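Heads up: the structure comes next, in structure tokens.
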Amino acid sequence: MDRRDWIKTAALLGAGMLASQAKAISWLETQGFKRSDFGPDFEWGVATAAYQIEGAWNVDGKGPSIWDTFTHKRGKIKTGENADIACDFYNSYPSDIALMQQMGIPNSRFSIAWSRVLPEGTGKINQAGLDYYDRVIDKSLELGVNPWVTIFHWDLPQALEDKGGWADRQILGAFNEYADLITRKFGDRVKNWMVLNEPMAFTSLGYLLGIHAPGRRSIRKFVAACHHASMCQAEGGRIIRANVPNANVGTTLSASPITPKNDKPKNIAAAKRVDALINRIFLDPMIGKGYPTEDLPLIRSIHKYIEPGDLEKLAFEYDFVGLQYYTRQVVKSSLIPLIRANIVKPHKFGVAEDDITEMGWEVYPEGIYTLLKRFDAIPQIKKIIVTENGCAFPDKVEGENVHDPKRIQFLKDYLAQVLKAKREGVNVGGYFVWSFMDNFEWAEGYHPRFGLVHVDYETQQRRIKDSGKWYADFLKGK
Ligand code: GCO
């Protein structure tokens with residue numbers, strides 16, 4: 001692939017792409033549902049991730065992660081920003097968790113920063129890092145906010161990247177050591193665990209397209225990283241099962257319905273390839289189907305990284321699969337080598353400006369229904385939990401109030417589709433809003449704000465947005 005091809009591929013896969021005709025359901029069609037319609041056991045929550053909120057990137061013995069290194073390089077983040085301080089959750093966790101309690105949020109999904117507990121990725125343990133997560137977990141439990149922990153949400157220790165990162169097989173041993181450590185340490189109090197956050201996103205954006213940390217652009221590294229992450233995904237499940245009594249074991253996958261631009265056979269074929277790339281590389285091996293190499297020439301070289309015995313280890317029976325959905329992708333065929341597909345941006349399909357988020361994503365609520373049905377039809381998937389869903393739109397700050405009517409509408413419309421699927425018998429057991437508060441949106445910097453709670457990054461003041469008040473009322477059954 002030459003450089004131009006890469007740029008096209010990046011445009012194809014990069015953040016902020018795709019879609020077509022928006023067909024938002026009006027609230028009128030769906031009005032009237034309330035929390036109790038989802039049933040008493042439905043898990044409601046909010047989600048965050050360590051690098052995006054904690055700050056304190058180099059204090060109390062924490063080692064650098066690939067995101068510290070990446071954001072400190074010039075030109076990597078659109079706004080030139082980094083998450084050295086972010087929301088300062090490292091210091092403000094008591095009041096932030098108290099705010100969750102005040103809003104009546106029963107569950108909080110967050111991740112552990114690997115290099116805070118193992119500064120070099122393996123070996124020497126940083127007790128201060130373990131103590132910090134002890135405090136976060138204990139505070140959450142004290143305030144009645146149940147912790148849901150993601151083992152890996154993208155902030156790989158830099159020391160491991162220096163040895164090849166996800167592209168090198170030694171990551172398997174390092175990951176097992178880390179997963180073993182934290183599940184043993186916190187498993188007495190944390191019962192809900194997710195192994196990986198969106199492996200498709202961190203392998204493709206980080207190792208193929210280079211637009212996320214560690215910024216590599218290599219098909220070889222990407223393909224190797226896919227196999228290693230898949231191995232860790234399953235092994236992580238086994239480690240949680242072994243170490244945590246009564247664990248609720250999951251992992252999370254990003255997914256998008258893939259729509260061909262029209263019914264031309266070449267576009268339908270392109271959509272199939274993109275579906276294999278975006279939706280199947282991590283899902284298929286998890287359910288015992290191996291890798292979708294037939295449908296995806298891009299990963300045909302994956303056999304080079306598969307050692308004897310690996311294939312049998314790729315499947316794991318999770319208690320739940322975390323579905324993370326934001327938008328769909330509309331696809332047409334193109335000349336880009338190996339994938340021969342291109343993603344069509346929403347405005348090219350006549351999606352109104354109003355229905356495109358600040359990430360450039362089409363508002364497409366029906367997609368969550370489509371994906372819930374698809375996952376539910378897979379016998380190996382026992383239960384689905386929507387572990388992320390949300391949007392970035394400009395907020396209007398007025399004194400103590402923050403108005404974000406589009407986010408409220410978004411949440412209502414997507415939730416209506418979750419309820420529709422549930423009423424049709426889909427085993428969907430929970431919904432977590434991305435995100436509790438505004439935070440560092442990776443390569444986009446702080447500009448897109450996804451929070452239910454507004455963060456003033458100058459003062460660290462929190463203000464509950466109208467959407468946060470809406471969610472709190474909804475959770476209270478109002
Ligand atoms: C992801 C991550 C989150 C993002 C969110 C919005 O899916 O990229 O899990 O960290 O911030 O999805 O893009």
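Every value quoted in this text rests on a predicted model; they were computed, and no experiment measured them. Just follow the structure's listing: the first ligand is 1, and inside any ligand the first atom is 1.
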- Query: Angle class for the Y133/F186 ring planes (parallel below 30°, perpendicular above 60°, tilted otherwise)?
  - Reply: perpendicular
So salt bridge (Lys or Arg N to Asp or Glu O under 4.0 Å) across residues 79-100, not counting sequence neighbours, yields D96-R462
So CZ of F375 and CG of L323: to nearest 0.5 Å the spacing works out to 5.0 Å
**Prompt:** Ring centres of W148 and W193 under 6.0 Å apart?
**Reply:** no
Residues pairing under salt bridge (Lys or Arg N to Asp or Glu O under 4.0 Å) where one sits in residues 221-235, two or more places apart or in two chains, turn out to be E235-R238
Here the salt bridge (Lys or Arg N to Asp or Glu O under 4.0 Å) pairs for residues 202-216, sequence neighbours left out, are E161-R216
Less than 4.0 Å from some atom of ligand 1, heavy atoms are found in residues Q52, H153, W154, N197, E198, Q324, Y326, W361, E388, W434, E441, W442, F450
